*Asks:* 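Take a look at this one; I'll ask things after.
Model, not experiment: these values are computed from the prediction. By convention in this document, chain letters (A, B, ...) are assigned in the order of the sequence lines, proteins followed by strands, and residues within each chain are numbered from 1.
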Number of protein chains: 2
Amino acid sequence: MTTYGAVLDALGDPTRRSVLELVAERPQPVGELAARLPVSRPAVSQHLRVLKDAGLVTDTAVGTQRVYRLDARGAAALRAYLDRFWDDSLAAYARAVEQDLAPEERP
Amino acid sequence: MTTYGAVLDALGDPTRRSVLELVAERPQPVGELAARLPVSRPAVSQHLRVLKDAGLVTDTAVGTQRVYRLDARGAAALRAYLDRFWDDSLAAYARAVEQDLAPEERP
DNA sequence: ACCGTTCGTCAGTCGTAACTTACCGTTCGT
DNA sequence: ACGAACGGTAAGTTACGACTGACGAACGGT
């Protein structure tokens, strides 16, 4: 789906962030990721599925193992959200502050 | 604390994102936010506490009501995380792809 | 001084998602 | 062809957090 909501939901879990940070170091198979984390291999598999659905990682089959790597789509979706939402909002606030008058206080 | 982990945890909940988006429109008191959401006022209060701890909102007392507004600190923490983590990682990948050789495949 | 409004906090309930173990399919080597 | 390695899926448990209702504190108006 790769919407910003899915990306933020995926990044909302600490273990999932750890998985993603390991993948960011270098592409790795599932077993190697699980060996570096305090959770079981199936747990890592489930986290990888969420990260994949959010567009944060991609997987490719290499022999019997699946190598996971970072995907830029998720990062792009999140960045677009930040750029539109925050910049616009903060700009609106800046305008309100310049007028020294909050919007809801206007007659 | 305003670390990127706290920001992502805060943004991981859909209801909390709705609260933040309402606050982004214009500074509002708690009751007004609760009136526009399908949850109770205490729930909104608890979400606002998390958002505040993450540095995403600030509150100021105005008479009997507390007005919440966006805070740029949370956005800055998240943006710094994205800039450092993703840009560096994706750049490293780009280099690896140019060499047509993944890091773990090298002798 | 009292009453209404607004809000934070506390206890308690409930749903969900993060985790485990067990099982099965797929792939490669011999 | 058989066995071992690797990983996804299913079933089940558990722990956490999202939510509600009840209470109390602070401020303002009359």
*Asks:* In whole Å, what is the span from the CG atom of B:Leu51 to the P atom of D:dA18?
*Replies:*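 Computing the B:Leu51:CG to D:dA18:P distance gives 11 Å.
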*Asks:* CG of B:Leu48 versus C1' of D:dG17: gap in Å, rounded?
*Replies:*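 Whole-Å distance recorded here is 16 Å.
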*Asks:* Going by distance alone, is a donor N or O of one side chain under 3.5 Å from an acceptor N or O of the other, for A:Arg69 and A:Thr60?
*Replies:* yes
*Asks:* What distance do A:Glu25 atom CD and A:Leu70 atom CG have between them, rounded to the nearest 0.5 Å?
*Replies:*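 That separation rounds to 10.5 Å.
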*Asks:* One pair to check against side-chain contact (heavy atoms from CB on, under 4.5 Å): A:Val30 and A:Leu48. What are the steps and the verdict?
*Replies:* CA-CA 9 Å; A:Val30 180; A:Leu48 286 170; 3.9 Å; yes
*Asks:* Just how far is it from atom CD of A:Glu21 to atom CG of A:Leu33, taken to the nearest 0.5 Å?
*Replies:* 12.5 Å
*Asks:* Is the closest side-chain heavy-atom distance between B:Leu20 and A:Phe85 below 4.5 Å?
*Replies:*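 B:Leu20 vs A:Phe85: side chains touch.
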*Asks:* I'd like to check B:Tyr81 versus B:Leu8 (side-chain heavy atoms, cut-off strictly below 4.5 Å). Are they in contact?
*Replies:*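 Side-chain contact under 4.5 Å: yes.
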*Asks:* Any chance you could list the contact pattern along nucleotides 24-30 of chain C? Use B for base contacts, S for sugar-phosphate-only contacts and - for none, protein heavy atoms under 4.0 Å, 5' to 3'.
*Replies:* ---BS--
*Asks:* Quick one, A:Ser18 and A:Leu37 - any side-chain contact, counting heavy atoms below 4.5 Å?
*Replies:*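 They are in contact (side-chain heavy atoms under 4.5 Å apart), so the answer is yes.
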*Asks:* Under the ring-ring contact (aromatic ring centres under 6.0 Å, His included) definition, can you give me all pairs with a residue in residues 14-35 of chain B, not counting sequence neighbours?
*Replies:*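 Found none.
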*Asks:* Counting N and O atoms only, with roles assigned by atom type, does the side chain of A:Arg16 sit under 3.5 Å from a partner on the main chain of A:Leu11, one being a donor and the other an acceptor?
*Replies:*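 Not a single qualifying donor-acceptor pair exists.
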*Asks:* Taking five pairs at each end of the helix from C:dA1-D:dT30 to C:dT30-D:dA1, what angle separates the two helix axes (nearest 10°)?
*Replies:*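 If I round to tens, the end axes sit 30° apart.
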*Asks:* For A:Arg49 and D:dT9, is the shortest distance between a side-chain N/O and OP1 or OP2 below 4.0 Å?
*Replies:* yes
*Asks:* Using atom CZ of A:Arg66 as one end and atom C1' of D:dT9 as the other, report the distance to the nearest whole Å.
*Replies:* 14 Å
*Asks:* Nearest 0.5 Å, please: how far is CD in B:Gln46 from OG1 in B:Thr15?
*Replies:* 11.5 Å
*Asks:* How long is the line joining CD of B:Gln65 and P of C:dG8, in whole Å?
*Replies:* 11 Å
*Asks:* Rounding to an integer number of Å, can you tell me how far A:Asp59 CG sits from D:dT9 P?
*Replies:*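 Rounded to the whole Å, the gap is 10 Å.
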*Asks:* For residues A:Asp83 and B:Arg79, determine if any side-chain heavy atom of one lies less than 4.5 Å from a side-chain heavy atom of the other.
*Replies:* yes
*Asks:* Atom NZ in A:Lys52, atom OG1 in A:Thr2: separation rounded to 0.5 Å?
*Replies:*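 Reported value, rounded in 0.5 Å steps: 11.5 Å.
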*Asks:* Do any N or O atoms of the protein come closer than 3.5 Å to N or O atoms of nucleotides 12-15 of chain D, and which pairs are they?
*Replies:*
none

*Asks:* Is a side-chain donor or acceptor of B:Gln28 paired with a backbone partner of B:Leu22 at a separation under 3.5 angstrom?
*Replies:*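 Yes, B:Gln28 side chain to B:Leu22 backbone: donor-acceptor pair under 3.5 Å.
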*Asks:* Could you give the CD-to-P distance, from A:Gln46 to C:dT20, as a whole number of Å?
*Replies:* 9 Å
*Asks:* What is the distance from CG of B:Asp53 to C1' of D:dG17, rounded to the nearest Å?
*Replies:*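 My rounded result for the distance is 15 Å.
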*Asks:* Is the phosphate of D:dG8 approached by A:Tyr68 (side-chain N or O, under 4.0 Å from OP1 or OP2)?
*Replies:* yes
*Asks:* Enumerate the residues from residues 10-19 of chain B whose closest heavy atom to DNA chain C is under 4.0 Å, giving them by residue number; use none for an empty result.
*Replies:*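 The answer is none.
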*Asks:* I would like to know whether B:Thr58 and B:Asp71 meet side-chain contact (heavy atoms from CB on, under 4.5 Å); could you show each step before the answer?
*Replies:* CA-CA 6 Å; B:Thr58 58; B:Asp71 187 358; 3.4 Å; yes
*Asks:* Taking only side-chain N and O atoms of A:His47, does any of them lie within less than 4.0 angstrom of OP1 or OP2 on C:dC19?
*Replies:* yes
*Asks:* What are the residues of residues 38-45 of chain B, sorted by number, that bring a heavy atom to within less than 4.0 Å of DNA chain C?
*Replies:* B:Arg41, B:Pro42, B:Ser45
*Asks:* Any salt bridge between A:Arg17 and B:Asp9, counting N to O under 4.0 Å?
*Replies:*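 Yes, charged N to carboxylate O under 4.0 Å.
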*Asks:* With clusters defined by side-chain heavy atoms of hydrophobic residues (ILVMFWY) lying less than 4.5 Å apart, directly or transitively, does B:Val44 cluster with B:Val50?
*Replies:*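 Shared cluster, no.
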